[in-house]
Chemist: 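Here you go, one structure.
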Amino acid sequence: MADYTLRELMTIAAAREIPDGAITFCGTGISMVAAMAAKHIHAPNSTIFFETGAIDSLLEELPLAVADPRVMYYTAVNGALTDAFAYMQNRKTGKQVVGIMGAAQIDCFGNLNSTVIGDYHEPKVRFSGSGGACDVASFVDHSLIFMQHEKRKFVNKVDYLTSPGWLDGAGGRERAGLTGKGPSKVITNMAIMGFDETSKRMVLDYYYPGITPEKILENMEFAVDISKAKELQPPTNNEIRILREKCDPQGLIL
Amino acid sequence: MADYTLRELMTIAAAREIPDGAITFCGTGISMVAAMAAKHIHAPNSTIFFETGAIDSLLEELPLAVADPRVMYYTAVNGALTDAFAYMQNRKTGKQVVGIMGAAQIDCFGNLNSTVIGDYHEPKVRFSGSGGACDVASFVDHSLIFMQHEKRKFVNKVDYLTSPGWLDGAGGRERAGLTGKGPSKVITNMAIMGFDETSKRMVLDYYYPGITPEKILENMEFAVDISKAKELQPPTNNEIRILREKCDPQGLIL
Amino acid sequence: MTVKSEKLMALSSAIETFVTDGCHLSIGGFTVNRNPMGAVYEIIRQGRKKIHLYAHSNGQGVDELVGAGCVEKIEIAYAGNGRFAPTCIRFKRAVQNRSILVEDYSNYQMTLRFQAGAMGIPFLPTRSSLGTDIINKWGFSKKIRQEDPRIPDEKLIVGENPFKGWTDTKALVFVPAINPDVTIIHVQQADEHGTARIQGLTMADVEQAKAAKHLIVTCEELVSSDEMKSKPDTNQIPHFCVDAVVHLPWGAYPTACYNNYDYDPIFFNDYKIFASDDTLYQNYLDKFIHGTKNHQEFLDLIGGKRLQNIKADPRTGYAINLDRK
Amino acid sequence: MTVKSEKLMALSSAIETFVTDGCHLSIGGFTVNRNPMGAVYEIIRQGRKKIHLYAHSNGQGVDELVGAGCVEKIEIAYAGNGRFAPTCIRFKRAVQNRSILVEDYSNYQMTLRFQAGAMGIPFLPTRSSLGTDIINKWGFSKKIRQEDPRIPDEKLIVGENPFKGWTDTKALVFVPAINPDVTIIHVQQADEHGTARIQGLTMADVEQAKAAKHLIVTCEELVSSDEMKSKPDTNQIPHFCVDAVVHLPWGAYPTACYNNYDYDPIFFNDYKIFASDDTLYQNYLDKFIHGTKNHQEFLDLIGGKRLQNIKADPRTGYAINLDRK
């Protein structure tokens with residue numbers, strides 16, 4: 001078994017969810033490293049793209065923002081925001097997109113808040129806002145969410161619903177007029193959470209080595225079904241090696 | 001006085017209507033030569049552009065279509081149809097555009113037919129259809145129309161209303177929701193027709209040397225006010241020289 | 001990480017696979033320029049019928065598909081070919097004979113319809129055509145529209161501006177999206193994965209390409225991905241939009257391909273004569289299209305001298321001083 | 001036919017002429033890239049107040065305008081600066097203090113709003129944000145909206161698909177056009193008439209530029225019209241959209257300008273410290289912005305060594321192996 005950090009484990013867990021042939025939409029930070037890891041490990045035909053319009057960037061160096069000039073070098077197409085989001089909303093290409101997001105709060109249906117804590121007009125804490133997260137969450141069939149597993153983050157009700165998950169559960173997206181699907185997986189520092197096929201409520205899929213399902217429940221405001229949870233396979237030596245040598249050799253993110 | 005052909009006279013008559021600083025939208029043929037003549041004679045700061053997306057083409061050789069590769073050489077921007085039409089609909093740039101069109105039929109309010117003679121579903125004669133004519137006629141404040149002065153072309157009612165003129169006269173465009181203005185001038189092989197400021201009905205502005213107002217009326221289904229008509233100043237030697245030497249030296253259009 | 005692409009195909013396979021009888025087809029280019037003519041001729045050779053064609057202003061490509069009897073219905077803005085044909089001749093005849101059904105739009109409307117398809121939305125708004133017969137007169141009946149789920153139930157809808165008075169706009173025309181079963185475009189350069197580069201004006205090719213359920217790219221030059229990725233600012237279509245890549249030099253002939261060759265005025269002038277007479281036109285089809293196995297044989301029949309004559313000058317991108325009378 | 005352009009201006013004149021107190025302003029770029037920072041600093045120097053700012057994701061430019069007290073209201077999608085600031089620090093403070101009013105959109109919505117403005121239409125449709133608080137929660141009250149004719153009366157409108165069920169769409173979000181009083185973008189190259197060329201990603205700059213009532217283009221390099229017209233496929237903005245052209249080398253610094261220079265990690269790391277404390281921030285403004293007469297003096301204060309350090313490598317367009325920790 002490889003020696004690995006929690007952050008590396010999370011990255012690999014996300015990377016494993018990206019199928020070969022996917023068009024991976026990623027933001028800054030760990031999601032970008034996960035997309036790169038997938039491409040280097042098991043999804044060589046996946047395409048990394050950014051909301052800024054860069055398609056299939058080489059990423060010889062790790063970008064620190066989706067508008068970093070490093071995303072513009074040696075791409076298939078350097079486009080614009082109009083193009084990038086249209087690929088997600090487009091009925092042919094959108095179906096191939098895997099979106100990766102993060103947030104400050106998440107509820108049991110995978111709805112995300114990245115805007116404010118507290119009242120919208122008198123916020124206790126202001127965050128960056130949606131960026132492209134609401135867009136990708138609205139459009140695509142396949143999305144992954146990175147979260148820190150804390151009670152104040154896994155909440156009964158998000159203070160502001162920035163990016164749509166499964167909304168109010170079964171049939172919620174259809175009722176609102178959304179065509180894509182809610183999130184597939186939530187990848188945290190303790191577990192991988194999935195969503196029940198029928199009810200669309202969050203469930204525990206995998207707990208990390210050394211973490212109990214009970215500990216996970218303690219770190220959430222709402223309860224989830226833990227009955228089918230299994231322990232996650234730790235990263236392999238090869239996965240960790242590729243992550244360190246090919247994806248973030250300068251240690252800028254991991 | 002210069003020796004000139006009727007076609008040259010028409011071209012010069014149209015060119016004179018293009019102010020310096022205009023963005024001139026033109027189609028194939030005589031309208032393109034008129035736009036070039038204006039630029040060479042009195043409107044050096046006018047910009048010729050095409051619905052295909054070419055902006056400020058040099059036109060070292062005369063194009064025979066708006067998609068001719070000759071429009072793509074040495075331009076300010078080579079864009080696309082989306083861009084070109086947006087410049088016309090845009091509230092800032094659209095106000096600077098002068099559109100030049102032709103048609104098979106025109107009525108007394110300057111509405112144009114370039115689609116069919118006869119019933120739409122059982123046409124006696126089928127023409128090319130709108131192309132960009134309906135678009136420019138819908139959007140801009142300033143447009144010029146080239147017509148052959150014949151009774152079957154100046155009709156009481158167009159068989160198909162392809163491109164909006166002043167629609168049903170005063171207030172017609174506003175009622176339909178159009179923001180631009182109807183045509184400014186109709187330039188024919190006999191006359192220059194304008195539109196009454198209030199009623200928006202066609203009036204005779206200028207008759208060509210050697211043509212009487214009566215002859216013009218004989219060649220129209222509908223009557224127009226001829227009371228303020230004057231004889232047109234013929235082209236100058238300089239205008240004709242520039243036309244022949246700079247605009248169409250190969251004699252492809254004129 | 002480079003995998004041999006399964007998208008790279010012979011033209012005949014690409015047409016066989018994606019262009020079927022009754023399919024909804026869109027072709028790139030504009031009048032005399034960059035029509036995917038090699039693909040058009042192969043569709044004619046394969047005898048496709050009942051095609052529903054979408055075009056803004058594809059002069060030559062439209063006229064040949066219509067002339068060869070491949071087309072049943074057409075949605076179009078402009079069926080002319082510049083100075084060579086104020087109205088495309090076989091198109092004119094077919095409409096007047098009522099052997100094809102036609103529905104009229106403006107050029108911007110057709111462009112917006114492809115753009116809406118590319119954006120994955122049902123419509124786009126414009127003020128173009130308010131008060132005109134383009135709104136009032138439908139080419140396809142309600143019945144025809146309802147029988148084919150690929151045609152919207154209404155042609156164009158005039159609606160209110162939901163943001164009352166915003167940008168001084170009261171009414172708008174909503175133009176419905178087009179998502180063709182297949183789009184075919186011809187480009188200057190592509191790699192085997194499908195990433196494509198158009199030089200000169202892109203017309204509405206990019207929107208048509210992205211709106212399609214299947215996309216065939218024929219290219220003048222097949223280049224390495226390294227070459228494409230070295231100049232990404234000049235590329236427009238990424239590989240993941242593309243289903244088939246066909247290497248087809250002179251693939252736009254007799255229309256022009258900027259920086260490569262001009263249109264062939266001799267061809268267009270001859271075509272005008274052939275197209276004006278049914279027997280001559282049948283002879284033209286028999287000799288030039290059905291009488292040739294593929295685009296190379298067609299080009300051989302035209303002859304190298306004619307091709308040499310229209311080769312692009314490297315400075316201007318077209319054939320300077322070409323006799324175009 | 002070339003007339004000396006009256007559009008060519010000093011930065012101070014361009015800002016004085018077009019950027020007024022209370023104006024509706026939009027700036028180009030995206031987080032760490034191609035923000036028109038020279039123009040932003042000049043706006044701060046000239047002490048503009050009560051600006052209504054439109055931005056999709058202009059990290060650094062937004063934070064400095066907000067931090068210097070120039071901004072009253074802001075419509076925005078994302079106020080972060082990549083890894084350097086998950087949330088822009090002065091922005092965060094200003095919102096939490098309620099010294100600015102903010103209204104939230106998604107990135108695509110802001111882009112579509114500029115695009116609608118550029119297209120001259122009141123709105124564009126999308127499915128983005130259905131079911132979310134981006135629709136439900138308005139940053140500006142009905143009263144504020146009605147008092148300023150430049151703000152639409154409603155934030156976003158959810159409407160039915162007028163083409164029932166077309167493209168499987170029932171509901172849509174209509175996003176209203178933005179037509180800023182003035183847009184400022186920084187580009188790699190422009191000529192004196194305003195024709196502009198952006199290298200690398202164009203972000204939403206082209207849409208922002210075309211949506212504006214007035215457009216200021218600052219450029220890294222002022223080139224001849226001949227140079228621009230020799231490569232027209234790589235130009236995006238024609239001269240007739242442009243009101244002022246300013247030659248401003250390093251005009252995007254401390255953000256990056258592709259093929260010219262990278263962003264300056266030292267600046268961003270220092271800024272993070274200054275921005276986190278009100279006194280330090282005032283000192284920063286006093287020294288770096290108010291203490292310098294123009295962008296050149298600001299750059300002199302940063303020092304040539306820092307600039308040298310971030311010069312772009314010609315192969316990749318950025319500074320390879322730059323210490324970005």
Side-chain angles (χ1 to χ4, degrees), chain B residues 28-29 50-54 60-61 63-74 78-82 85 88-89 91 111 113 115-116 120-135 138-139 160-164 167 172-173 175-180 250-253, chain C residues 29-33 56-57 59 76-84 86-88 91-92 95-96 98 104-109 111 115 126-134 137 139 158 167-172 200-204 206-207 256 258 262-263 312 316-318 320-321 324-325:
Chain B
T28 309
F50 300 98
E51 61 186 313
T52 45
E60 203 170 81
E61 290 190 12
L64 296 184
V66 295
D68 192 308
R70 283 153 192 80
V71 308
M72 305 180 191
Y73 171 60
Y74 206 79
N78 273 342
L81 273 69
T82 46
F85 288 110
M88 302 179 207
Q89 199 175 204
R91 296 318 185 76
N111 301 302
N113 172 14
T115 306
V116 291
Y120 182 57
H121 295 98
E122 304 185 5
K124 279 215 302 250
V125 187
R126 169 74 210 195
F127 298 112
S128 63
S130 158
C134 170
D135 303 309
S138 297
F139 296 146
Y160 184 101
L161 201 172
T162 312
S163 303
L167 292 176
R173 289 180 69 97
R175 282 189 296 277
L178 290 174
T179 46
Q250 295 177 285
L252 290 167
I253 300 291
Chain C
F30 195 112
T31 60
V32 300
N33 208 301
H56 45 91
S57 298
I76 196 166
Y78 178 82
N81 207 24
R83 210 213 45 182
F84 296 102
T87 306
C88 288
F91 166 85
K92 188 186 190 96
V95 180
Q96 291 175 188
R98 279 172 274 153
D104 280 87
Y105 296 86
S106 76
N107 242 346
Y108 192 35
Q109 288 176 337
T111 305
Q115 195 180 354
T126 176
R127 278 184 298 274
S128 179
S129 84
L130 284 167
T132 74
D133 283 334
I134 289 180
K137 297 194 176 168
V158 177
T167 67
D168 297 323
T169 302
K170 269 189 272 181
L172 287 157
L201 301 172
T202 59
M203 311 300 174
V206 178
E207 292 75 19
Y258 194 58
D262 216 320
Y263 49 84
T316 57
Y318 56 82
I320 54 172
N321 293 321
R324 295 179 291 140
K325 290 234 173 164

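Residue numbers start from 1 in every chain, and the chains themselves are labelled A, B, ... in the order their sequence lines are given, proteins ahead of strands. All values reported here derive from a predicted model rather than from experimental measurement.
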Chemist: Kindly compute the distance separating CD (Gln115(C)) from OH (Tyr108(C)), expressed to the nearest 0.5 Å.
Modeler: 6.5 Å
Chemist: What part of Tyr120(B) lies closer than 4.5 angstrom to a heavy atom of chain C: side chain, backbone, both or neither?
Modeler: side chain
Chemist: Arg98(C) versus chain B, heavy atoms under 4.5 Å apart: side chain, backbone, both or neither?
Modeler: side chain
Chemist: Can you tell me how far CZ of Phe30(C) sits from OH of Tyr78(C), rounded to the nearest 0.5 angstrom?
Modeler: 7.5 Å
Chemist: What option among Pro123(B), Gly180(B), Gly29(B), Pro63(B) has the most heavy-atom pairs under 4.5 Å with chain C?
Modeler: Pro123(B)
Chemist: Looking at CZ of Arg127(C) and OG1 of Thr169(C), how far apart are the two atoms once the value is rounded to the nearest 0.5 Å?
Modeler: 4.0 Å
Chemist: Side chain, backbone, both or neither: which part of Arg91(B) has an atom under 4.5 Å from a heavy atom of chain C?
Modeler: side chain
Chemist: Under 4.5 Å, counting heavy-atom pairs only, tell me which of Asn81(C), Thr167(C), Ile76(C) racks up the most with chain B.
Modeler: Thr167(C)
Chemist: Walk me through whether Leu81(B) and Thr202(C) qualify under side-chain contact (heavy atoms from CB on, under 4.5 Å).
Modeler: CA-CA 8 Å; Leu81(B) 273 69; Thr202(C) 59; over 6 Å; no
Chemist: Which residue out of Ala54(B), Cys134(B), Gly131(B) racks up the most heavy-atom pairs below 4.5 Å with chain C?
Modeler: Gly131(B)
Chemist: Under a 4.5 Å heavy-atom cutoff, which of Gly82(C), Ser106(C), Gly131(C) has the most pairs with chain B?
Modeler: Ser106(C)
Chemist: Tell me, side chain or backbone of Tyr105(C) under 4.5 Å from chain B's heavy atoms, or both, or neither?
Modeler: backbone
Chemist: Do you know which of Met203(C), Lys325(C), Glu207(C) has the most heavy-atom pairs with chain B at a distance under 4.5 angstrom?
Modeler: Met203(C)
Chemist: Hey, which of Glu122(B), Arg173(B), Gln250(B), Met88(B) has the most heavy atom pairs under 4.5 Å with chain C?
Modeler: Glu122(B)
Chemist: Supply the atom-to-atom distance Tyr73(B) OH to Glu61(B) CD, rounded to the nearest 0.5 angstrom.
Modeler: 10.5 Å
Chemist: Applying side-chain contact (heavy atoms from CB on, under 4.5 Å), run through Lys137(C) and Asp104(C) and close with a yes or a no.
Modeler: CA-CA 8 Å; Lys137(C) 297 194 176 168; Asp104(C) 280 87; over 6 Å; no
Chemist: Taking 4.0 angstrom as the limit, do Asp68(B) and Arg83(C) come out as a salt bridge?
Modeler: no
Chemist: In terms of heavy-atom proximity below 4.5 Å to chain C, should Thr82(B) be classed as side chain, backbone, both, or neither?
Modeler: both
Chemist: Could you tell me which portion of Leu172(C) (side chain, backbone, both or neither) has an atom closer than 4.5 angstrom to a non-hydrogen atom of chain B?
Modeler: neither
Chemist: Between Thr28(B), Val125(B), Val66(B), Asp135(B), which residue shows the highest count of heavy-atom pairs closer than 4.5 Å to chain C?
Modeler: Asp135(B)
Chemist: Looking at Ala171(C), Ala77(C), Ala312(C), which one has more heavy-atom pairs under 4.5 Å with chain B than the rest?
Modeler: Ala77(C)
Chemist: Drop me the distance from Phe85(B)'s CZ to Ser128(C)'s OG, to the nearest 0.5 angstrom.
Modeler: 8.0 Å
Chemist: For the atom pair CD (Glu60(B)) and OH (Tyr74(B)), what is the distance rounded to the nearest 0.5 Å?
Modeler: 9.5 Å
Chemist: Pick one of side chain, backbone, both or neither for Lys170(C), based on which atoms fall under 4.5 Å of a heavy atom in chain B.
Modeler: side chain
Chemist: According to the interplanar angle, ranging from 0 to 90°, do the rings of Phe84(C) and Tyr263(C) count as parallel (below 30°), tilted (30 to 60°) or perpendicular (above 60°)?
Modeler: perpendicular
Chemist: Side chain, backbone, both or neither: which part of Tyr160(B) has a heavy atom under 4.5 Å from chain C?
Modeler: both
Chemist: Between chain B and each of Ala204(C), Ser129(C), Ser57(C), count heavy-atom pairs under 4.5 Å; write down the option with the most.
Modeler: Ser129(C)
Chemist: Below 4.5 Å from any heavy atom of chain C, which atoms of Gln89(B) appear? Answer side chain, backbone, both or neither.
Modeler: both
Chemist: Within the structure provided, determine whether Asn111(B) and Leu167(B) are in side-chain contact (heavy-atom separation under 4.5 Å).
Modeler: yes
Chemist: Highest number of heavy-atom pairs under 4.5 Å with chain C: which of Ser130(B), Gly172(B), Gly129(B), Ala65(B)?
Modeler: Ser130(B)
Chemist: Consider only side-chain N and O atoms of Asn78(B) and Tyr258(C), and report whether a donor and an acceptor are under 3.5 Å apart.
Modeler: no
